[in-house]
Undergrad: 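The structure's right below; bear with me while I get my questions together.
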Amino acid sequence: MILILSANTMGIALPATEILGTGIELAYLLAASLFILGLKKLGSPATARQGNMTAAVGMLIAVVATLLNQSVLNYQMILVGIIIGSIIGAIAAKKVAMTAMPQMVGIFNGLGGAASALVAVGEYFRVLNGSGAVSVDAGITTMLGVLIGGVTLTGSLIAFAKLQGIMTGSPITFPLQQPVNFLLVAGFLAGSIYFLFTPQNTILFLGLVAVSLLLGVLFVIPIGGADMPVVVSLLNSYSGLAASAAGFILMNNMLIISGALVGASGLILTQIMCKAMNRSLTNVLFSAFGTGESAGGAAIAGGSTSQKVVHRVEAEEGAMMLGYARSVVIVPGYGMAVAQAQHSVRELTDYLERLGVEVKYAIHPVAGRMPGHMNVLLAEANVPYTQLYDMDDINPEFDQTDVALVIGANDVVNPAARDSQSSPIYGMPILEVDRAKHTIVIKRSLSTGFAGIDNELFYKDKTMMLFGSAKDMVAQLVAEVKQL
Amino acid sequence: MILILSANTMGIALPATEILGTGIELAYLLAASLFILGLKKLGSPATARQGNMTAAVGMLIAVVATLLNQSVLNYQMILVGIIIGSIIGAIAAKKVAMTAMPQMVGIFNGLGGAASALVAVGEYFRVLNGSGAVSVDAGITTMLGVLIGGVTLTGSLIAFAKLQGIMTGSPITFPLQQPVNFLLVAGFLAGSIYFLFTPQNTILFLGLVAVSLLLGVLFVIPIGGADMPVVVSLLNSYSGLAASAAGFILMNNMLIISGALVGASGLILTQIMCKAMNRSLTNVLFSAFGTGESAGGAAIAGGSTSQKVVHRVEAEEGAMMLGYARSVVIVPGYGMAVAQAQHSVRELTDYLERLGVEVKYAIHPVAGRMPGHMNVLLAEANVPYTQLYDMDDINPEFDQTDVALVIGANDVVNPAARDSQSSPIYGMPILEVDRAKHTIVIKRSLSTGFAGIDNELFYKDKTMMLFGSAKDMVAQLVAEVKQL
Amino acid sequence: MAAGLLTGFVVFVLASFVGVEVINKVPPTLHTPLMSGANAISGIAVVGALLVAGAQDWNITIALGLFAVVLATINVVGGFLVTDRMLQMFKKKEVKA
Amino acid sequence: MAAGLLTGFVVFVLASFVGVEVINKVPPTLHTPLMSGANAISGIAVVGALLVAGAQDWNITIALGLFAVVLATINVVGGFLVTDRMLQMFKKKEVKA
Ligand SMILES: NC(=O)c1ccc[n+]([C@@H]2O[C@H](COP(=O)([O-])OP(=O)(O)OC[C@H]3O[C@@H](n4cnc5c(N)ncnc54)[C@H](OP(=O)(O)O)[C@@H]3O)[C@@H](O)[C@H]2O)c1
Ligand SMILES: NC(=O)c1ccc[n+]([C@@H]2O[C@H](COP(=O)([O-])OP(=O)(O)OC[C@H]3O[C@@H](n4cnc5c(N)ncnc54)[C@H](OP(=O)(O)O)[C@@H]3O)[C@@H](O)[C@H]2O)c1
């Protein structure tokens, strides 16, 4: 509690402080409640935006309340800090492209984790330079804060680098990797325990900080770039836990509550993603799986496709098929995101509808690279969400669909997931476009998606490949459809 | 927290106590979590029973943990108390009839409230005889405990008496009732405030206890017997709050948590009932409305029905209509509960189905006297719940229904709620049996239901009245249907 | 307001949130069992009673405490048993449906 | 374990329950905004940072604290703004749908 803290910092808690302290505590409770309500409102598109505002207000209240705390004195510096942070944050938020969301969340995450870690370190030094006596409780919570915060920081940075393409997406492995990691973890534990008895040992402390930072790196590098969204969401929950840890260190309930909320949400989203990919979290984290487009993709494609025949089609013919169809289902995937083709797709839909074609969008839960990725992009392009259909709703309809138009999607429409036990993605629910009368697939080549496995769909008789970047191809289709 | 409490009681907290105390606290947290999980499981018929068990286990853990507390010494007495309580409780639970559920919950409620109040009083005297210094905080929480606990106790007892028919169901009103109540409340507040400054004043304290008990009585007597279920559920939430108050007095988090859980559930159920009756809570509490079958019913019926014609029907003819119908919808109501006719109804259904009649049950959310009352009774009679349909699902089907068989239901099928603005129940959603080709209504007379208003349905041409107690009439129907 | 009371309040608010979220998910079918189940939980006051009745020496507090123990126990035991009785039926039904 | 820490733990568990209940209700459509929204909330660490950076005198703790303030603020402000940007689209869409 603040009372306790201010007691720590100033040695005494004046009655005046007490009243103020109570006020602050209540403000904190209000803030926490606003977070909860905000998250609740985030549950429906109608209220989501308002929900985000609500949470933001809660944050404002929390900050103001904190600034009123007696123990907070050097406002000038703090305000400067806040202003700098706000500016950077605002600019980042304005600039980022919708497709770069995972990176964005990733990097923000890292900063949050870093902050929590810094709080732990700072508090440690304060106590050290102050009373000097670090209680066991304080020691434990401090170590927790350092560990979680540190891992979140470096882990997120690596994830960012991979998603941004600054570093290779393919898993980085080295001999004895697991043993090394294991030793480091064991070392950290041993060190922390020793630290609890010799809390004055600053060198040891900094050493432990370094180890936790290193752990973050080692934790993420062996994971394939395409699995980064899962990692990001997991780290998101870590950053929450880090905040909670900070809360324990400062005995601040609101930090604990908010942290727990974020922790829960991160974990749940991670689960959802794993389930939709039908892989276990451990598999994602330790199997050096998803090799990312770049690497594995081309290779496999080159190998296996040579023999089989592919039916190619040009924009003109494709446009004919679409224009004269009764029903078209559009299946967007990561490719549409990369190509930023959502606006042209929207345009295409409009023209088709003018021709009396019934157009629906089939959204796979893990199409793209974040949960709900496609929804966000299509929303950006003003596609009414009444037109978006979940996997379970649309799959039965493919039988009556004339043309399924797959735009930059691959794994989520890979029949192997349904048919071949051997496939690594076997069992992952897919959009069954191969049930449609005709399927047009827009992608640049025959190379694979993030799962790095070849896709039978491309070689079926009913399938026609329209090779090229999603943006150009869709644009061409639009041009052609206009003619009809 | 226990630590604090044992500190209170024994003046000191030994390190040994501390470790034990921690253990107890964790046990409490576990117990609270089990309560939450239990309530979650209560959310689906499949897991409900298990959920109840889970909660019970939580309770066991809580009790055992408490007995381990240093400050608990005279086990003999306590065990005696527990045993006596268990025996009484067990017997009561075995004996009670399913139709008497509201009373049962009501009386249990009262006991819970009483316990909380006693805790508050007892703790007051302990502090008084001990240090003698009652802090303001303690004073406030104690008063809260006494007030909520007291009101819950006497209020529940009155509710019980009304439901059990020990005292008249019709609202008891006396001149200046509201002013008197208001004065009492004001008096209690003034008294409590004064008490905070003179906590040694035992007389005043006992006086306040008395007032809160009196308030409970005055709060419930003006409410009609038929509204008692609402009152019971409201008092249920009070008893939760009382437990929370006790938690604040003893600084025991688990009491606070469990209390809050119960408080929330009680409030929500109350809301649901009010909504289903389309009345505001204030209206239920302060308008001396539902006059209960006995009172208002007959009167009105006598008055208004004389002119209108009623189509009577005997069991034989009724059986014909049912037996030769394609589809029959059974609408059970409070009458079925009173008559304990659910088993015969089940029997009737079986025979009808043997004749190839499609039989469905239409369940109104507030049919009977407790939410979900009908579901429980029909469950008791082994009606598969796949046969039970909610209002919204079944209403559209009445148009295609050959015969709607209304068994002891009245208000929930009263067309006035849909058609006549003037009606007190106007706007309450109803089961639209009058849409069916034919409607057979089983009840003993033309008298009204708990809302005490006449029912147009009985006088429609398509409606046939089968007068008599639900049990006999259904039995006769069964006998007749067997013949077919 | 004492820190302890404050935290108590925080806990109370959080627990209420949990309660609302959980209870709102319960379907009408189960409202009666829910009602009596929750009622049984409210018997948690027994813990308070035990703490008050705990002290060794014999005085008014203990007497009140013991009485509270009896009442609360009735609430707890009776409540859980009667709820179970109700739910047993639901179970039966399920087996058969 | 100190009483304070214990209560902290209680609060943590309760908050987790609330989190799970609330988040599980969010539909896939909103998972990305939820992710970044939650991320913004995790910037609450800013409060911790402020408390640590608060003291008047100038030392390592303050320096670390101030740095933490900057980072956390980026997380908070950026997070909420970007979430709002995403949700704005949903709003737009709704108006049109
Ligand atoms: N959504 C999530 O939360 C999440 C999280 C983690 C992992 N994942 C995984 O990500 C995958 C998503 O499946 P998906 O089908 O949406 O994507 P995908 O399987 O990764 O396939 C994307 C395809 O788009 C094509 N493409 C790339 N750039 C393009 C461009 N500019 N124009 C046209 N095509 C382009 C690529 O083929 P070419 O190179 O031939 O063009 C690639 O095969 C799933 O395996 C899922 O498990 C999703
Ligand atoms: N479910 C809840 O949670 C709840 C809570 C509070 C209030 N309520 C209210 O209770 C009412 C429930 O509606 P309802 O239609 O179920 O019941 P109702 O409107 O109270 O009508 C019950 C009818 O059953 C008949 N009846 C009584 N004993 C009978 C017997 N032995 N055999 C045959 N019939 C008998 C009575 O008519 P005769 O005397 O002519 O036989 C009476 O008209 C609603 O108004 C609701 O708002 C419900």
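Small disclaimer: the values here were computed from a predicted structure and weren't measured. Chain letters run A, B, ... following the sequence lines, proteins first and then strands; every chain starts at 1.
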Undergrad: Given heavy-atom pairs under 4.5 angstrom as the criterion, report whether the side chain, backbone, both or neither of C:Val20 touches chain B.
TA: both
Undergrad: Kindly give the heavy-atom pair with the smallest separation between B:Gly112 and C:Ala45, and that separation in Å.
TA: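 Closest pair (atom of B:Gly112, atom of C:Ala45, distance): O-CB, 4.3 Å.
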Undergrad: Using 0.5 Å steps for rounding, measure from the CG atom of C:Asn24 to the CD atom of B:Gln271.
TA: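 So the CG of C:Asn24 and the CD of B:Gln271 are separated by 8.0 Å.
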Undergrad: Ring pair (Phe, Tyr, Trp, His ring centres under 6.0 Å) with B:Tyr124: which residues, sequence neighbours excluded?
TA: B:Phe195, B:Phe205
Undergrad: So which part of C:Val22 gets closer than 4.5 Å to some heavy atom of chain B, the side chain, the backbone, both or neither?
TA: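 Contact with chain B involves the side chain of C:Val22 alone.
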Undergrad: Restricting to non-hydrogen atoms, name the atom on B:Leu250 and the atom on C:Val52 that form the minimum distance, rounded to 0.1 Å.
TA: CD2-CG2, 4.5 Å
Undergrad: Please flag which part of B:Ala92 lies under 4.5 Å from any non-hydrogen atom of chain C: side chain, backbone, both or neither.
TA: neither
Undergrad: Given heavy-atom pairs under 4.5 angstrom as the criterion, report whether the side chain, backbone, both or neither of C:Ala40 touches chain B.
TA: backbone
Undergrad: Quick one: are C:Ile44 and B:Phe35 in side-chain contact, heavy atoms under 4.5 Å?
TA: yes
Undergrad: So what's closer than 4.5 Å to chain C heavy atoms on B:Lys95: side chain, backbone, both or neither?
TA: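 Only the backbone of B:Lys95 comes within 4.5 Å of chain C.
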Undergrad: Heavy atoms only, distances under 4.5 angstrom: which of B:Ile82, B:Ile88, B:Leu261, B:Ile84 has the most pairs with chain C? Name it, please.
TA: B:Ile82
Undergrad: With a 4.5 angstrom heavy-atom cut-off, which part of B:Ala55 approaches chain C: side chain, backbone, both or neither?
TA: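 Both backbone and side chain.
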Undergrad: Check step by step if side-chain contact (heavy atoms from CB on, under 4.5 Å) holds for C:Leu34 and B:Leu39.
TA: CA-CA 8 Å; C:Leu34 173 64; B:Leu39 285 173; 3.9 Å; yes
Undergrad: If we define contacts as heavy-atom pairs under 4.5 Å, which of B:Ile91, B:Val80, B:Val105 has the most with chain C?
TA: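 Among B:Ile91, B:Val80, B:Val105, the one with the most close pairs to chain C is B:Val105.
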Undergrad: At a heavy-atom separation under 4.5 Å, does B:Ser44 approach chain C through its side chain, its backbone, both, or neither?
TA: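 The backbone, not the side chain.
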Undergrad: Grab the two heavy atoms, one from B:Phe248 and one from C:Phe9, that are nearest each other, plus how far apart they are.
TA: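 Heavy-atom minimum between the residues: CE2-N, 3.5 Å.
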Undergrad: Determine the option with the most heavy-atom pairs under 4.5 angstrom with chain C, choosing from B:Leu241, B:Leu67, B:Val96.
TA: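 Highest number of heavy-atom pairs under 4.5 Å: B:Val96.
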Undergrad: Could you pull out all residues at least two apart from C:Asn39 that satisfy side chain to side chain donor-acceptor pair (under 3.5 Å)?
TA: B:Asn109
Undergrad: Using atom types as modelled and distance alone, determine if a side-chain donor or acceptor of C:Thr61 lies under 3.5 Å from a backbone N or O of B:Arg126.
TA: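 Side chain of C:Thr61 to backbone of B:Arg126: a pair is present.
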